[in-house]
Amino acid sequence: MTLRVDVLTLFPDAISHYCATSVLGRARARGAWELRVHDLRDATDDPHRTVDDTPYGGGAGMVLRAEPIVRTVESHPDLVRPVVALSPSGRPFTQSLAREWAAGSGLTLLCGRYEGIDQRALDLVVDDEVSVGDFVLAGGELAALCVIESVVRLVPGALGNDESALDESFSEGLLEYPQYTKPAVVRGLEVPAVLLSGDHARIARWRRAQSLARTLTRRPDLIARRGGLDEAERALLEEVVGPVGHERLNSKGPSDPKDRAHEPD
Ligand code: ADE
């Protein structure tokens, strides 16, 4: 089944252009997904094609008007549900939502701009609101592209043989272990010897320990969410990477050479 994505935006070219590139472009050529981009200005009825206005109640900035959004949705009854608005006020977009949407028939993304979207448009035609992170973008286009790319790469048949659809980071609630490729030495930095050992069980243990250590230092919230570490995980960490102390929390991680450069001799 082909996943269908509709995007409502003030910058249709930005969406179309990125979606024709790289993984997304190849996946479309393979027929794994289909994109329709709608310019919200096409649904205005004044000569200036006005999409924004000042906020009721006062305040800085402009608000995206409800009418062009509602009209665009109403004039395309075949738009796929859910209709999802991108906004820093939305619920967090996560890998599990990406999985859920990749398993469905598609979705419609509404890109906001300015200080926000008239609440009545959200009440009338929007099913869900998501944010791609706790930071503020100038508009929803980049956020929509994040959503599209993370959803489409999970659609069966979207990726070629040499492209991996594994979602290792997050799929198990842990960040991915570090990866290395040839050559074996880069500017004096060697590949960890275990990866050259050919001992697959040892490699798997090392990778697991690295994932745990990384997650513990960079994303302690993910460790807390899965209920902490169990005894076996603690032992594995201690054995493979040594103590991962609390002083390392918020640092970039135990194996990062940039960290080591700042440590005293
Ligand atoms: N629009 C502006 N900032 C955003 C964010 N962080 N996530 C989703 N949409 C946005």
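Computed from heavy atoms alone, side chains included, the values below leave out hydrogens, waters and symmetry copies. Order of listing sets the numbers, starting from 1, for every ligand and every atom in it.
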Any salt bridge between Arg41 and Asp39, counting N to O under 4.0 Å? no
May I ask you to list the atoms of ligand 1 that are less than 4.0 angstrom from any heavy atom of Gly139? 1 (N), 2 (C)
I'd like to check which ligand 1 atoms, numbered from 1 as shown, lie under 4.0 Å from a non-hydrogen atom of Leu137. 2 (C), 3 (N), 4 (C)
Quick check on Tyr114: does its OH atom have over 12 non-hydrogen neighbours (other residues, nucleotides or ligands) under 6.0 Å away? yes
Looking only at distances, please establish whether an N/O atom of ligand 1 is found under 3.5 Å from an N/O atom of [X].
X	value
Gly133	yes
Phe135	yes
Val130	no

[atom]: which protein heavy atom is closest, and how many Å away?
atom	result
atom 9 (N) of ligand 1	Ser87 N, 3.1 Å
atom 7 (N) of ligand 1	Val132 N, 3.0 Å
atom 10 (C) of ligand 1	Pro88 CD, 3.6 Å

Result for salt bridge (charged side-chain N to carboxylate O under 4.0 Å, His left out) between Glu239 and one of Arg205, Arg208, Arg202 points to Arg205
Students often mix this up, so state it plainly: with edges at 30° and 60°, are the rings of Phe93 and Trp101 parallel, tilted or perpendicular? parallel
Side chain, backbone, both or neither: Ala143 near ligand 1, heavy atoms under 4.0 Å: side chain
